[in-house]
Every structure is written in C-alpha cells, then in structure tokens.
Amino acid sequence: MDDAAITGLGYATPSNVVSQELAADAFANAFAGSGNKSRWVHKIFSKSRVARRSLASPLRSDQLESDVRRLWDVPTAERMRLFRELAPPLAAQAARSALREAGRSAEEVTHLIVVTSTGAYLPGPDVDLIGLLGLSPGVERTLIQFMGCSAAFNGLRLARLATTANPRGCTLLVCVELSSLHLRLDPDPENIIGQALFGDGAAAAVVESVRTPERVLVTMQRVLHEIVADSKDEIRWEIGDRGFEIHLSRKLPDWLGARVEKFAQPLLQSAESDPSKIDFWGVHPGGSNLLDRVQCALQISDEALEPSRAVLREFGNVASPAILFVLGRQLAAIEPGARGILLGFGPGLTLEAIELVRGAAQLRLEEVGA
C-alpha cells in the first residue's frame, strides 16, 4: 500500500494583531495595586520571545487595557458563544486553502477530522464545517476535543489510519484554536505564562494515498506516542466559571529536556543514533525555554529550529495548529527525499513524534499563517 501523504496545507489567522509590548502593558496595568505582580507580567511577557499575536477575541489595540478588564468578567457560556461564532469561519478558511493546495474539491473529501481544545458545543464545529465547505453529508467525521497542544498529532495519526483503510479516500484534518477567548486576570504566575504565550489560528492538512511524488508534500512514516509518568500537573487545562483555566508549570521545560532524547530514540536509530543526521525538525513552539531545552537535548542546530522560533515569534503558541504552521515554514528549505521528525508535547504529559519524508511538491502559499 502507498504511504499516507500530506498533499495540501492551509492556514488562517485573525486579522486583529496585537504586539506583545502592548499586551504586556495592558496586563501589567490591570494588575496595578497587586504588589509586584505588575513587574512579573513584564518579565514573563518579555521572556516569552513572542513579538505579536493574532487574536479573534474582541481585544482592540486602541483600548486593550479596558478590554482586558472587561473580558475578565465574561462567563464561560458567553465565551463559548463567541467560539461558535468565530471558530468555524476561520477553520473553513484554512480548509479551503489546504484543498486548493492539494488540488482536491470539497466533494472529494471522504473523511473529516476536526481538532480543538478551546471551544465546545453540539452539533459541533465539524458539522458547521460540512455546511461551510459544502462537504458531503455522508462524510465520515471525527471531533477531537480537549487534548491540548499535541492534538494535531492525534488527528494526523487518525488521518493515516483512514488512508490505510481507504486508499482511494481523501481526509481533511482541520485544527482551530481561539485561546484568547479564555483571557483571565488570575495573578498566578502559571496563568500569566499562558496569557503571554497563546495566540489564535487555524491550520488544515489534506491526507491521502498517492503514487505521484510531484503531488506529495511529505509522507508519514513511523509514529511515536508516550505519556510520561507522574507528570499530570505539568500542563493542566480546566473548565472554570470564567473560561478555560490553563496552568503551565515552570518546571515543564526541564521535564521535557530530560526525557525527549530517550523518547525520540527509536526514530533516531536509522540516523545511527546521531540527532544531527536528521535532515529537518519540526518542533512544537510551546515556549522559548521549552525550545531551548529540546534543542540542547537533541543537538538541533539553530537553523533547523528557526521555523519553530519564527512561528512562536510571529503568532505565539497557537496550540494544536502550531505544528502544521511549523511544517509549512520548513517545506521551502527541504529537498525531496529529506527525512525529518515532527515533535510535539501536550497535557498528560504527552510526547508525540511522526517521522516524515519530503516529497517533490512545492507549497504554493506565499506566507504560512497569512
């Protein structure tokens, strides 16, 4: 059987772009009178190495501080209403782009996989996308929810299985996250880290079985998945009365740095156990310290890690779509036949990896994430 191949990628981000400096000032001023919390905010936002973020929430640059204070009081039900209004059109934009890149029509899609952790309603975004895209009402659909930053890997694995079961099929994977809807003015440093990192966006991939290398962006080879024991508290994402509450442990980068090489070892063996012999890396841009630790543990060059750093810098951590943003950034510099690894992390603590081989197709999008 032919390998499961990604033949199209697409991206979408909200038009509302907020600089990190402006966001830091707004949050710091909102914490004014809370002791040294204001100083913490500027320090955490600065160390994030995020320059700007695209936000779907109604946070306007000209009155950001008042909007931050106002949104803090919005109940979860209203945030879910906003997600239902804003997420499907953004997801559809990314999906249409991916289908165009793959040369596929909506009528040809046999499987639809939708990934999100920042909104929940039924009938869900998968059903909305069927209508927005004009997919067949008989399309086989799966909704992957509340699995965090690594959820795209679950979607890619499922798309790979769908391709194995139906080599003539066409699977559309769509990831959409609107983390800005869950703004919280909790002074807990773990919350402030999250507020400094996350941005909004959507990404889509078309996965199919093809024999023509000229149509293939990358083929998916081996996959790895592991839940690290005694690590549940390193990343937590819980539903609260005022949005979803994210907690990122400050120990998380050290945890990953100490475990990631052993986890990736099965994929490094064919490279004679030398990580530097991997042609390219796509690492989830979960944070600057996280990227530093992973780079050190796996001996990844600055050049190989630059796509991850660029995505973090320009969009923040867009959660599940982020790894597809990184892959898109990598494609222009990768020669056909090059072997690489996608690496991701999420609540659990979950480690994910997929081995990829570059095909001959070129991604025609002018700017990934534009």
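Just so you know, these numbers use all the heavy atoms, side chains as well, and skip hydrogens, waters and symmetry mates. Fair warning: this is a prediction, and the values are worked out from it, not measured in the lab.
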Residues E226, R259; criterion salt bridge (Lys or Arg N to Asp or Glu O under 4.0 Å); working and verdict: CA-CA 11 Å; E226 180 181 323; R259 291 161 175 79; over 6 Å; no

Step-by-step side chain to side chain donor-acceptor pair (under 3.5 Å) determination, Q20 to R53: CA-CA 7 Å; Q20 190 75 329; R53 288 176 282 173; 3.0 Å; yes

CA sep, side-chain torsions, deciding dist, call: E208, R104, salt bridge (Lys or Arg N to Asp or Glu O under 4.0 Å): CA-CA 10 Å; E208 42 186 332; R104 287 286 204 164; 2.5 Å; yes

Verdict with reasoning, D279 to R339, per salt bridge (Lys or Arg N to Asp or Glu O under 4.0 Å): CA-CA 5 Å; D279 296 316; R339 176 175 169 268; over 6 Å; no

Side chain to side chain contact (heavy atoms under 4.5 Å, CB included) evaluation trace for F280 with I341: CA-CA 7 Å; F280 66 96; I341 295 176; over 6 Å; no

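By the criterion of side-chain heavy atoms lying less than 4.5 angstrom apart, applied directly or through intervening Ile, Leu, Val, Met, Phe, Trp or Tyr residues, L312 is grouped together with L22 in one hydrophobic cluster. Both M80 and L55 are part of a single hydrophobic cluster, where members link through side-chain heavy atoms under 4.5 Å apart. Residues L172 and L363 do not share a hydrophobic cluster, clusters being chains of Ile/Leu/Val/Met/Phe/Trp/Tyr side chains in contact below 4.5 Å.
With sequence neighbours excluded, no residue satisfies ring-ring contact (aromatic ring centres under 6.0 Å, His included) with H111.
At least one donor-acceptor pair under 3.5 Å links the side chain of T110 to the backbone N or O of C170. A donor-acceptor pair under 3.5 Å is formed between the side chain of R358 and the backbone N or O of A361. Using modelled atom types, one side-chain atom of S308 and one backbone atom of V283 make a donor-acceptor pair closer than 3.5 Å. Proximity of a side-chain donor or acceptor of H284 to a complementary backbone N or O of I323 within less than 3.5 Å is not detected. Here the side chain of S46 pairs no donor or acceptor atom with the backbone of K43 at under 3.5 angstrom. Between the side chain of S97 and the backbone N or O of A94 there is no donor-acceptor pair closer than 3.5 Å. A donor-acceptor contact shorter than 3.5 Å links the side chain of T76 to the backbone of G240. At distances below 3.5 Å, at least one donor-acceptor pair connects side-chain atoms of T116 with backbone N or O atoms of V176. Using a distance-only test at 3.5 Å, with no hydrogens or angles considered, a donor-acceptor pair links the side chain of S288 to the main chain of K47. Put simply, the side chain of D3 never gets that close to the backbone of A5: no donor and acceptor are under 3.5 Å apart.
The aromatic rings of F325 and Y11 sit perpendicular, their planes meeting at an angle over 60°, well past the 30° parallel limit.
Among the candidates L331, V218, T219, V216, the single residue satisfying the side chain to side chain contact (heavy atoms under 4.5 Å, CB included) test with I6 is V218. Shown are L112, I113, V115; of these, the side chain to side chain contact (heavy atoms under 4.5 Å, CB included) with V174 is made only by L112.
Around CD of E306, the count of heavy atoms belonging to other residues, nucleotides or ligands within 6.0 Å exceeds 12. Heavy-atom neighbours of M147 CE from other residues, nucleotides or ligands within 6.0 Å: at or below the threshold of 12. Within 6.0 Å of the CD atom in E303, the count of heavy atoms belonging to other residues, nucleotides or ligands does not exceed 12.
Note on R329 versus E314: salt bridge recorded, some NZ/NE/NH1/NH2 to OD/OE distance being below 4.0 Å. Using a 4.0 Å cut-off between charged side-chain N and carboxylate O, R309 and D292 make a salt bridge. Taking the charged nitrogens against the carboxylate oxygens, E352 and R157 do have a contact shorter than 4.0 Å, which makes a salt bridge.
For the residue pair E140/N166, the side-chain donor-acceptor check at 3.5 Å is not satisfied. Under 3.5 Å, the side chains of D200 and S54 contain no donor-acceptor pair of N or O atoms. When only modelled atom types and interatomic distance are considered, S105 and E107 share a side-chain donor-acceptor pair under 3.5 Å.
Inter-residue side-chain proximity for T163 and R160 is flagged as unmet; no heavy-atom pair is nearer than 4.5 Å.
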